[in-house]
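Numbers restart at 1 for each chain; the letters A, B, ... are given by sequence-line order, proteins then strands.
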2 protein chains.
Amino acid sequence: MQNKVGIAPVSGENLLFLTDDQLRRGIEAMFFAYRAFTSDPDLILADMDYGRAHHRALHFVHREPGLTVTALLDVLGVTKQSLNRVLRTLVEDGLVESRVGLRDRRERLLFLTEKGSALERRLSETQRARMRSAYRAAGPQAVAGFRQVLEAMMDRDTLRQFKALKDLSDPT
Amino acid sequence: MQNKVGIAPVSGENLLFLTDDQLRRGIEAMFFAYRAFTSDPDLILADMDYGRAHHRALHFVHREPGLTVTALLDVLGVTKQSLNRVLRTLVEDGLVESRVGLRDRRERLLFLTEKGSALERRLSETQRARMRSAYRAAGPQAVAGFRQVLEAMMDRDTLRQFKALKDLSDPT
DNA sequence: CTTATTACGTCAGGCTTGTTGACTTTCCAA
DNA sequence: TTGGAAAGTCAACAAGCCTGACGTAATAAG
């Protein structure tokens, strides 16, 4: 079970990067990096009455204007009751507009207002700045590896969701 | 602001990986991957009366047996009231042992019991299995890039904390 | 030997974000 | 016309975070 350093690798290759200690370091790196990754938006959101859930909703509505509540529910992986609370405040505060569907009038199509766009831009810019700086420091090859490992960590359905999002520029 | 594809890179290099769209994809990959990353332990924890906070405490106590409450507080980045609730249940349930410090009797040194070790192992093994599979699929070079980008995403203090943890096998 | 500081624990109260369950309204499609 | 999907609502609850205030024990500083 404890695949310590020094024990011969299973195959002929060098599999030192698969030792339990290396895996543990990876797990910890994910924990710390994710915390840093969310810290910038959290600071901005804390001033308003919003939280991380509002940011996520804004992000995906921005990304796919006119997506339905169900689609958003699916991508966020929460219950509609939970999302509804968040969405209601965003609509009340004039950040998100909810239009009745054209094809199917039961559906609600979600759009960002000018105000909503402005907040989304402000939030995501801090996050992109951090990402940009990390990408630049690590270089293109490291970025490719970063993306490869993250995708390999997702389970089938999550990966399908991720790929289903419009990929504007990624030729991978 | 919107550094679209097709606009000439700032320097002479190919900086396509730094476009806003690429950065957005990275941000989304982090979101989805982190969710997948925590899903396995969450399933196990849901059966018991424990949550993610308990897992984190178990992880770091396992990693550094005998660490003090303050040190744990520091690495987790939460308030002592929040940690105390978690720690109390873990001690009551016989997963964590809290011994009075030898050098300084105000300090409480934290250790996992046999039972605590067993749960920690069970939780972390699911997470390592996912990480192992992702690492194996992506290959050593991708893993190196993954780690590079994650570390570059951390801010100074977080990186210091991360590096301060005993690095048993990483020669980076 | 006081006094201040540190480490820890705890009580009280509040917030966000998630959950189940039950119910209604609206609307498409068989 | 009727069944069922989509959306929204109300209620109740829990995890997990927070701040503020207070108490105790032990060390450090004067």
Any ring pair (Phe, Tyr, Trp, His ring centres under 6.0 Å) involving residues 83-118 of chain B? Give me the pairs, sequence neighbours left out, ordered by first then second residue.
->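 Non-adjacent pairs meeting ring pair (Phe, Tyr, Trp, His ring centres under 6.0 Å): zero.
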Determine which pairs satisfy ring pair (Phe, Tyr, Trp, His ring centres under 6.0 Å) with at least one residue from residues 52-88 of chain A, sequence neighbours left out, and list them in order.
->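 Residue pairs with at least one partner in residues 52-88 of chain A: A/Tyr50-A/His54, A/Phe60-B/Phe31.
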Work out which heavy atom in [X] is nearest to a heavy atom in [Y]; give both atom names and the distance.
{"X": "B/Arg56", "Y": "B/Leu76", "value": "CB-CD2, 3.8 Å"}
{"X": "B/Arg108", "Y": "B/Arg106", "value": "NH1-O, 3.1 Å"}
{"X": "B/Leu110", "Y": "B/Ser98", "value": "CD2-CB, 4.1 Å"}
{"X": "B/Leu45", "Y": "B/Gly51", "value": "CD1-O, 3.5 Å"}
{"X": "A/Arg52", "Y": "A/Tyr34", "value": "NH1-CE2, 4.3 Å"}

To the nearest angstrom, how far is [X] atom [atom1] from [N] atom [atom2]?
{"X": "A/Leu45", "N": "D/dC18", "atom1": "CG", "atom2": "P", "answer": "16 Å"}
{"X": "A/Asp49", "N": "C/dG14", "atom1": "CG", "atom2": "P", "answer": "16 Å"}
{"X": "B/Asp47", "N": "C/dT19", "atom1": "CG", "atom2": "C1'", "answer": "15 Å"}
{"X": "A/Arg52", "N": "C/dC15", "atom1": "CZ", "atom2": "C1'", "answer": "14 Å"}
{"X": "B/Leu72", "N": "C/dG9", "atom1": "CG", "atom2": "P", "answer": "11 Å"}
{"X": "B/Glu107", "N": "C/dG9", "atom1": "CD", "atom2": "P", "answer": "11 Å"}
{"X": "B/Leu76", "N": "D/dG16", "atom1": "CG", "atom2": "P", "answer": "13 Å"}

Answer yes or no: does a side-chain N or O of B/His54 lie under 4.0 Å from OP1 or OP2 of D/dA15?
->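 No, B/His54 has no side-chain N/O under 4.0 Å of OP1/OP2 on D/dA15.
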So does A/Thr79 get a side-chain nitrogen or oxygen closer than 4.0 Å to the phosphate oxygens (OP1/OP2) of C/dT19?
->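 True: A/Thr79 side-chain N/O within range (under 4.0 Å) of C/dT19 OP1/OP2.
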Given protein heavy atoms under 4.0 Å, the one-letter contact record of nucleotides 20-30 of chain D, with B base, S sugar-phosphate only and - none, is simply BB----BS---
Which residues within residues 31-38 of chain A lie with some heavy atom under 4.0 Å of an atom in DNA chain C?
->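 Within residues 31-38 of chain A, no residue comes under 4.0 Å of DNA chain C.
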Interface with DNA chain C, restricted to residues 83-100 of chain A and to heavy atoms under 4.0 Å = A/Arg85
Sort and list the pairs that fulfil side-chain hydrogen bond (donor to acceptor under 3.5 Å, both in side chains) and have at least one residue in residues 79-88 of chain A, not counting sequence neighbours.
->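 Of all non-adjacent pairs touching residues 79-88 of chain A, none passes side-chain hydrogen bond (donor to acceptor under 3.5 Å, both in side chains).
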Using a heavy-atom cut-off of under 4.0 Å over every strand shown, decide if A/Asp42 touches base, sugar-phosphate, or nothing.
->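 Nothing: the residue A/Asp42, judged by heavy atoms under 4.0 Å, touches no strand.
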What residue among A/Val100, A/Thr68, A/Asp104 forms side-chain contact (heavy atoms from CB on, under 4.5 Å) with A/Leu109?
->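 The passing option is A/Thr68.
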Regarding B/Arg25 and the six-membered ring of A/Phe162, is the cationic atom NZ or CZ under 6.0 Å from the ring centre and inside 45° of its axis?
->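 Geometry flag: set, cation within 6.0 Å and 45°.
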Do the side-chain N and O atoms of A/Asp155 and A/Thr158 include a donor-acceptor pair separated by under 3.5 angstrom?
-> yes
Return the 5'-most residue of the pair A/Tyr50, A/Arg108 with respect to DNA chain C, ranking by each residue's nearest nucleotide.
-> A/Tyr50
